[in-house]
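Below, all heavy atoms of this structure are taken into account, side chains as well, without hydrogens, waters or symmetry copies.
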Amino acid sequence: MKVVVADTGAIIPFIHIGKVDLIEKIFGDFYIAKSESAILYDEKNADYLLIDYNKTRIVAESLEINCIGTLGLLLKAKQKGLITE
């Protein structure tokens, strides 16, 4: 399974729809960053950083951090049959 570090802003949409468990079902272990998500990504040797904020994502990708957003996660959930729409 993959290890994911999630920025708190990217978790909120999943809380609103009651589907936080999708993250774990798709990737396995995930950690929610309390402060600097890029540092936690490095510390956990994570596979993905779940982040939606565009400016932060641009900086993270410039640091060669593998990012995925809410829509990317929902697409993976759809491909795995975890959601229908």
Side-chain angles (χ1 to χ4, degrees):
M1 296 300 270
K2 303 287 184 181
V3 176
V4 175
V5 169
D7 185 72
T8 52
I11 296 291
I12 293 170
F14 295 99
I15 292 170
H16 285 296
I17 64 171
K19 294 289 185 181
V20 175
D21 64 319
L22 282 178
I23 302 167
E24 190 172 55
K25 287 178 181 177
I26 293 169
F27 295 114
D29 293 335
F30 77 98
Y31 301 89
I32 300 172
K34 293 180 182 177
S35 54
E36 184 58 47
S37 53
I39 292 172
L40 185 59
Y41 174 91
D42 189 49
E43 287 175 356
K44 297 296 182 184
N45 196 25
D47 297 290
Y48 291 97
L49 174 60
L50 176 59
I51 190 166
D52 280 333
Y53 189 61
N54 195 41
K55 289 182 181 180
T56 308
R57 185 175 177 149
I58 290 168
V59 172
E61 288 175 341
S62 75
L63 297 171
E64 299 183 4
I65 292 175
N66 192 16
C67 297
I68 189 168
T70 299
L71 293 178
L73 185 99
L74 290 173
L75 180 61
K76 285 186 179 289
K78 173 76 172 150
Q79 291 169 341
K80 291 182 176 252
L82 299 172
I83 57 175
T84 58
E85 296 181 22

(request) Of all the heavy-atom pairs spanning Arg57 and Cys67, show the shortest one and how long it is. (result)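 The answer is NH2-O, 3.6 Å.
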(message) Enumerate the side chain to side chain donor-acceptor pair (under 3.5 Å) contacts for residues 65-80, please, sequence neighbours excluded, ordered by first and then second residue.
(response)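 For residues 65-80: Asp52-Thr70.
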(request) Please collect all side chain to side chain donor-acceptor pair (under 3.5 Å) contacts where either partner lies in residues 2-14, sequence neighbours excluded, each pair once. (result) none
Verify the cluster assignment for [X] and [Y]: are they in a single hydrophobic cluster under the rule of side-chain heavy atoms below 4.5 Å apart?
X	Y	answer
Tyr53	Phe14	no
Leu75	Val20	no
Leu40	Val59	yes
Ile26	Ile15	yes
Val5	Ile51	yes

Roughly how far apart are [X] [atom1] and [Y] [atom2], rounded to 0.5 Å?
X	Y	atom1	atom2	value
Tyr31	Leu50	OH	CG	15.0 Å
Ile17	Leu22	CD1	CG	6.5 Å
Leu49	Thr56	CG	OG1	9.0 Å
Ile11	Phe30	CD1	CZ	5.0 Å

(message) Evaluate Val3 against Asn45 for side chain to side chain contact (heavy atoms under 4.5 Å, CB included), listing each step before the verdict.
(response) CA-CA 8 Å; Val3 176; Asn45 196 25; over 6 Å; no
(request) Would you mind reporting whether Tyr41 and Leu63 have side-chain heavy atoms less than 4.5 Å apart? (result)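 No, their side chains stay 4.5 Å or more apart.
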(message) Any non-hydrogen side-chain atom of Ile23 less than 4.5 Å from a side-chain atom of Leu73?
(response) yes
(message) Under the salt bridge (charged side-chain N to carboxylate O under 4.0 Å, His left out) definition, can you give me all pairs with a residue in residues 13-24, not counting sequence neighbours?
(response) Asp21-Lys25
(message) Within a 6.0 Å radius of atom CG on Leu71, are there more than 12 heavy atoms belonging to other residues, nucleotides or ligands?
(response) no
